[in-house]
Amino acid sequence: MNLIMTILLITTTLSMVLALVSFWLPQMNPDAEKLSPYECGFDPLGSARLPFSLRFFLIAILFLLFDLEIALLLPLPWGNQLPDPTYTLLWAATVLILLTLGLIYEWVQGGLEWAE
């Protein structure tokens, strides 16, 4: 019981010290950009209907797609330890081939060209 109380006291004290230091330590130098309601770089008083580049969204979607590919392939080392890992490797190869073909298609169509 004494060990648990000691651990709780140490963690509580450390948390309080870190919270107090985080309020006192940072230097607050507000300027016009930081005081504006939006820090994204857009003029908050201008038109809200500014056109966005579709290429930006295409690159973002491709990034998310390949990020999802990594998440789908993470369990592959555990699937290798199955009694018959051929199906696991077959599905992983299918996913990789399908995504590679999609990337080649986007590349050939010129979807990855940022500037024309």
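We're numbering straight along the sequence, starting at 1.
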Please list every donor-acceptor pair under 3.5 Å in which a side-chain atom of residues 82-96 meets a protein atom from a residue at least two apart or in another chain.
residue	atom	partner	partner atom	Å
Asp84	OD1	Thr86	OG1	3.1
Thr94	OG1	Leu90	O	2.7

Under 3.5 Å, which donor-acceptor pairs do the side chains of residues 64-75 form with other protein atoms, sequence neighbours left out?
none

Under 3.5 Å, side-chain donor or acceptor atoms of residues 6-14 against the rest of the protein: list the pairs with distances, not counting sequence neighbours.
residue	atom	partner	partner atom	Å
Thr6	OG1	Asn2	O	2.7
Thr11	OG1	Ile7	O	3.0
Thr11	OG1	Leu8	O	3.0
Thr12	OG1	Leu8	O	2.7
Thr13	OG1	Leu9	O	2.7

So does Ile4 have more than 12 non-hydrogen atoms from other groups sitting under 6.0 Å from CD1?
-> no

Who pairs with Val108 by side chain to side chain contact (heavy atoms under 4.5 Å, CB included), at least two apart in sequence or on another chain?
-> Ile104

Residues joined to Leu98 in its hydrophobic cluster, side chain to side chain under 4.5 Å directly or through other members, sorted by chain and number, are none

